[in-house]
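Have a look at the structure below before the remarks.
Here the structure is a predicted model, which is why all the values come from computation and not from measurement.
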Amino acid sequence: MCIYVAILYGILYLLFATYSFVFRQVYGFTTASTGLVFLAGGLGTLMGLFYVGYFSDKTLIKRAAAGKTITPEDRLPFIITIPGSLTFPIGLFIYGWTAQEHVHWIFPQIGTAITGFGSILIFVGIQTYLVDAFEEYAASVIGANAVLRGTAGALIPLAGLSMYDGLGWGWGNSLLAFVALAFAPMPWVFGMYGAKIRGWKGSKVRL
């Protein structure tokens, strides 16, 4: 799960590094205007934050009202993980191909907003899951998560511009989207089978 977060984090940082090139070279934005393109991703992230907060709490309240035991896996309901893991690569596809084809600048901006929306759903969902799953070791797992994503955020962008030189904006972002899609089932699997996996670990410890 931490590796999945790290990959998405690294892709986001690479995406940020491309803004000045895409919007200045492709769309002729000034330096000042290029700084404003981050607003779309920020807006998408803010919307995602409200979304995950509402549906995460709603899921827990619904289970508690039904008298069911709340488990860490309840932090990964499909209503959060499926939109999150799918909208992230969808936004990359939109951003890359609309920039490649020189479509009006608002469409790449929509792509970055969609990617921001998906990223925060995954980040918050997985982080709250890790805290609940590891309990007394939560600080350690959050630390491991931070180290991995920070390393990915530092290293992935280093090779990014060379990749875009070879593949272009369309296929370059498509490659990143396919990588994100490859990891997309990860939170779905843990949401469904995480309790069983944790049970196996408990059995081994008792043995």
Side-chain angles (χ1 to χ4, degrees), residues 3-55 76 78-126 149 152-153 155-188:
I3 291 172
Y4 180 37
V5 169
I7 289 173
L8 297 192
Y9 199 80
I11 291 174
L12 270 182
Y13 267 62
L14 174 55
L15 197 68
F16 296 157
T18 67
Y19 286 175
S20 61
F21 296 94
V22 169
F23 290 98
R24 290 182 67 182
Q25 296 177 5
V26 177
Y27 294 102
F29 279 29
T30 65
T31 302
S33 299
T34 302
L36 296 176
V37 302
F38 288 89
L39 292 175
L43 180 60
T45 301
L46 185 61
M47 293 174 62
L49 193 60
F50 284 117
Y51 179 96
V52 72
Y54 175 78
F55 283 105
L76 298 173
F78 285 152
I79 197 168
I80 291 175
T81 56
I82 290 180
S85 55
L86 293 183
T87 53
F88 186 91
I90 287 172
L92 288 173
F93 283 125
I94 294 173
Y95 172 71
W97 285 106
T98 54
Q100 178 77 29
E101 300 300 324
H102 294 205
V103 181
H104 189 276
W105 61 265
I106 194 65
F107 290 97
Q109 286 281 270
I110 291 172
T112 62
I114 293 172
T115 297
F117 177 85
S119 68
I120 199 65
L121 264 62
I122 295 300
F123 292 162
V124 172
I126 288 180
R149 72 172 186 257
L155 297 180
I156 290 178
L158 294 178
L161 296 180
S162 298
M163 177 192 71
Y164 287 119
D165 287 339
L167 298 177
W169 300 115
W171 282 113
N173 282 286
S174 294
L175 175 60
L176 299 176
F178 287 132
V179 171
L181 277 174
F183 283 86
M186 190 76 68
W188 312 346

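- Tested against N173, the residues T18, L15, I11 include a single side chain to side chain contact (heavy atoms under 4.5 Å, CB included) partner, L15.
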Exercise for review: Start with the C-alpha distance between F123 and L12, add both sets of side-chain angles, then the distance that settles side chain to side chain contact (heavy atoms under 4.5 Å, CB included), and finish with yes or no.
Suggested key: CA-CA 12 Å; F123 292 162; L12 270 182; 3.8 Å; yes
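- Residues meeting the ring-ring contact (aromatic ring centres under 6.0 Å, His included) test with F88, sequence neighbours left out: none.
- The environment of Y13 atom OH is sparse: at most 12 non-hydrogen atoms of other residues, nucleotides or ligands sit within 6.0 angstrom.
- Taking the six-membered ring wherever Trp is involved, the centroid distance between the rings of F55 and Y51 falls below 6.0 Å.
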Exercise for review: Could you check L181 against L86 for side chain to side chain contact (heavy atoms under 4.5 Å, CB included), going step by step and ending with a plain yes or no?
Suggested key: CA-CA 7 Å; L181 277 174; L86 293 183; 4.1 Å; yes
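- The distance from the CD1 atom of I126 to the CE atom of M186 is 8.5 Å, given to the nearest 0.5 Å.
- Nearest heavy atom pair, residue I122 against residue P187, reads CD1-CG, 4.3 Å.
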Practice item. Quick one: do I90 and I94 satisfy side chain to side chain contact (heavy atoms under 4.5 Å, CB included)? Show the steps, please. Key: CA-CA 6 Å; I90 287 172; I94 294 173; 4.0 Å; yes
Practice item. Please assess Y164 against L14 for the test side chain to side chain contact (heavy atoms under 4.5 Å, CB included), listing each intermediate value before the final yes or no. Key: CA-CA 11 Å; Y164 287 119; L14 174 55; 4.1 Å; yes
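- Separation of the W188 and F78 ring centroids does not fall under the 6.0 Å cut-off.
- Around the CZ atom of F38, the shell of radius 6.0 Å holds more than 12 heavy atoms that belong to other residues, nucleotides or ligands.
- To the nearest 0.5 Å, atom CD1 of residue I80 and atom OH of residue Y54 are 12.0 Å apart.
- In this structure, the separation between OG on S85 and OH on Y4 is 4.5 Å, given to the nearest 0.5 Å.
- When the shell of 6.0 Å around CD1 of I3 is examined, it contains 12 or fewer heavy atoms from other residues, nucleotides or ligands.
- When W169, F178, F107 are each tested for a ring-ring contact (aromatic ring centres under 6.0 Å, His included) with F93, only one passes: F178.
- Taking every heavy atom of both residues into account, L121 and P83 meet most closely at CD2-CB, 4.1 Å.
- In this structure, the side chain to side chain contact (heavy atoms under 4.5 Å, CB included) partners of L167, at least two apart in sequence or on a different chain, are M163, W171, L175.
- Sorted by first and then second residue, the side-chain hydrogen bond (donor to acceptor under 3.5 Å, both in side chains) pairs involving residues 97-115 (not counting sequence neighbours) are W97-S174.
- In summary, the aromatic rings of F117 and F50 are positioned with their centroids too far apart to meet the 6.0 Å limit.
- Between Y95 and Y19, the ring planes are perpendicular. Angles over 60° get that label, and only those under 30° would be called parallel.
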